[in-house]
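Accompanying notes for the structure given below.
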Amino acid sequence: MGASGSLPAPLGLLAELTHRCPLGCPYCSNPLALDKRDNELDTATWARVFREAASLGVLQVHLSGGEPAARRDLPELVRAACEAGLYSNLITSAVGLTPQTLGGLADAGLDHVQISIQDSDEASADHIAGYKGASTRKRAISGEVVKLGLPLTINMVVHRANIGRIESMVELALSLGASRVEIAHVQYYGWALKNRATLMPTREQVDEAVRQVEMLRAKHQGRIVIDAVVPDYYARFPKPCVGGWGRRSLNVTPAGRVLPCHAAEVIPGLEFWNVREHSLADIWGASPAFAAFRGTDWMQEPCKSCARRDQDFGGCRCQAFILTGDARAADPVCHLSPQHALVAQLAEEREDTVYSYRSS
Amino acid sequence: MDRPAIQFSDSVCPRLPRGVRLSHNEAQGGWVLLAPERVFKTDAIAVEILKRCTGEATLDAIVDDLAKTFAAPRERIHTDVVTLLSSLADKKLLEL
């Protein structure tokens, strides 16, 4: 699609309701400079954003953060999403959620809950989260979700400290009553990038993890859906990040800036518009940040003439910038990138240092 | 995955579980099945089948209804319905 091509309708809205979070996970993809509480959008503005999203064609809203339960108006926000006709998905750490709040969310029309669990080993889980007792609370709240009849996804972020326990993590998700589990290898943005050397697994560990997932999918077929996010530093081709820039989804930050993906603010020179000043339709159609890498006109070689350019869209723009300094370069995760050797070299830079926990 | 599909009898009453629903959306070009963190484009035949998965009608009754409504051979409809339902159940998008 060129600049004049017809605009696709977005499918998903990632609503980062707040950057506040009680946990300190070192792999957090939030930016290092977090939005402050006094800058957060109010309830009425979020409700308007949800209505505008639905009119644009958005089908699902992912209520995320930070920890969305840190917002006292969460039940009202769920109700607003539901009234707008959106499918609502709560992405939560579960810490800060009570059974009462959860019941209120279910009544407000919440469609699905995703709870993160840091490890099947409780001491390790609490260490990773930087929060004593987090694991116990997460397990209890998972039980409440299932009791309410809401579908539950358990999200497990995988890295060097827990990659050997994928099987027991899937067993845990099953025992909690989840219908879906995400095995998500860390993606290196924000706090995760800062902790890359401590989080990065070895190639052997990654290969074994991929084999494990295949085996577990076959073993538990029909009982639980296992989705996996691939560890891209060890990939041959890049991920089609957010399904293509400005093509399928938008992300609204706690302060109302609208980004093509949650990491987009790392790229210098992009002009992001804010929902306080513009409608979502305006932003989707005309904001400079969305136009910057939409379609394929911005590409340079090797992407420009690549047979896969409409399949992976040159990979991730943020990663291209972070690793090469040029946001228009091929994502160096791609083996066709002239800078591909750098990725292998970075993956070798492993260090057993203490985590830099994300701040709250 | 080439594994045997889930087996079920003609007397089951299939239904969409909570968190899975059919939705019509002009901007997305028609019917879609909304599910946890996934969206499936849904063709006209699948829509007709899914609209009947209310948890009240048996598989048998659904096939009868479709065969009558579309004046199509019952056996063929039965095959189509079973194929769709077992693939959805496999993805946890349907309760049997």
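Note that this is a predicted model, so its numbers are computed, not measured. Labels below follow one simple rule: chain letters A, B, ... track the order of the sequence lines, proteins then strands, and each chain is numbered from 1.
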Hey, is the main chain of S116(A) close enough, under 3.5 Å, to the side chain of K138(A) for a donor-acceptor pair? yes
Thinking salt bridges, do E167(A) and K219(A) make one under a 4.0 Å N-O criterion? yes
With V61(A) as partner, the option from Y87(A), F50(A), W46(A) fulfilling side-chain contact (heavy atoms from CB on, under 4.5 Å) is F50(A)
Do R294(A) and W284(A) form a cation-pi contact, if we require the NZ or CZ to be under 6.0 Å from the six-membered ring centre and within 45 degrees of the ring's axis? yes
Interface residue of largest heavy-atom contact number with chain A, from A27(B), G29(B), A89(B), G19(B), under 4.5 Å: G19(B)
Report yes if the side chains of V229(A) and H185(A) come closer than 4.5 Å at any heavy-atom pair, otherwise no. no
Applying a heavy-atom distance below 4.5 Å, give me the residues of residues 141-158 of chain A that approach chain B, sorted by number. L148(A), G149(A), L150(A), P151(A), T153(A)
Residue selection (most heavy-atom pairs with chain B, distance under 4.5 Å) from L56(A), V113(A), I224(A), D111(A): D111(A)
Contact listing (chain A partner; residues 32-43 of chain B; heavy atom under 4.5 Å): V32(B), L34(B), A35(B), P36(B), E37(B), R38(B), V39(B)
Quick one: are S87(B) and K91(B) in side-chain contact, heavy atoms under 4.5 Å? yes
Quick one: does any side-chain atom of N251(A) pair with a main-chain N or O of L13(A) as donor and acceptor, under 3.5 Å? no
Under 4.5 Å between any side-chain heavy atoms of M215(A) and R211(A), yes or no? no
Taking R51(A)'s backbone N and O only, do any of them form a donor-acceptor pair with S55(A)'s side chain (distance below 3.5 Å, no angle check)? yes
Just jot down the side-chain contact (heavy atoms from CB on, under 4.5 Å) partners of A286(A), sequence neighbours excluded, or say none. W273(A)
Side-chain (R15(B)) to main-chain (L96(B)) donor-acceptor, under 3.5 angstrom: no
Under 3.5 Å, is there a donor-acceptor pair between the side chain of Q28(B) and the main chain of P10(A)? yes
Considering only NZ, NE, NH1 and NH2 on the basic side and carboxylate oxygens on the acidic side, decide whether R52(B) and E48(B) come within less than 4.0 Å. yes
Derivation and outcome, side-chain contact (heavy atoms from CB on, under 4.5 Å), residues V258(A) and H278(A): CA-CA 10 Å; V258(A) 187; H278(A) 299 270; over 6 Å; no
Under a 4.5 Å heavy-atom cut-off, does chain B meet the side chain of L86(A), its backbone, both or neither? backbone
Contact listing (chain A partner; residues 60-76 of chain B; heavy atom under 4.5 Å): none
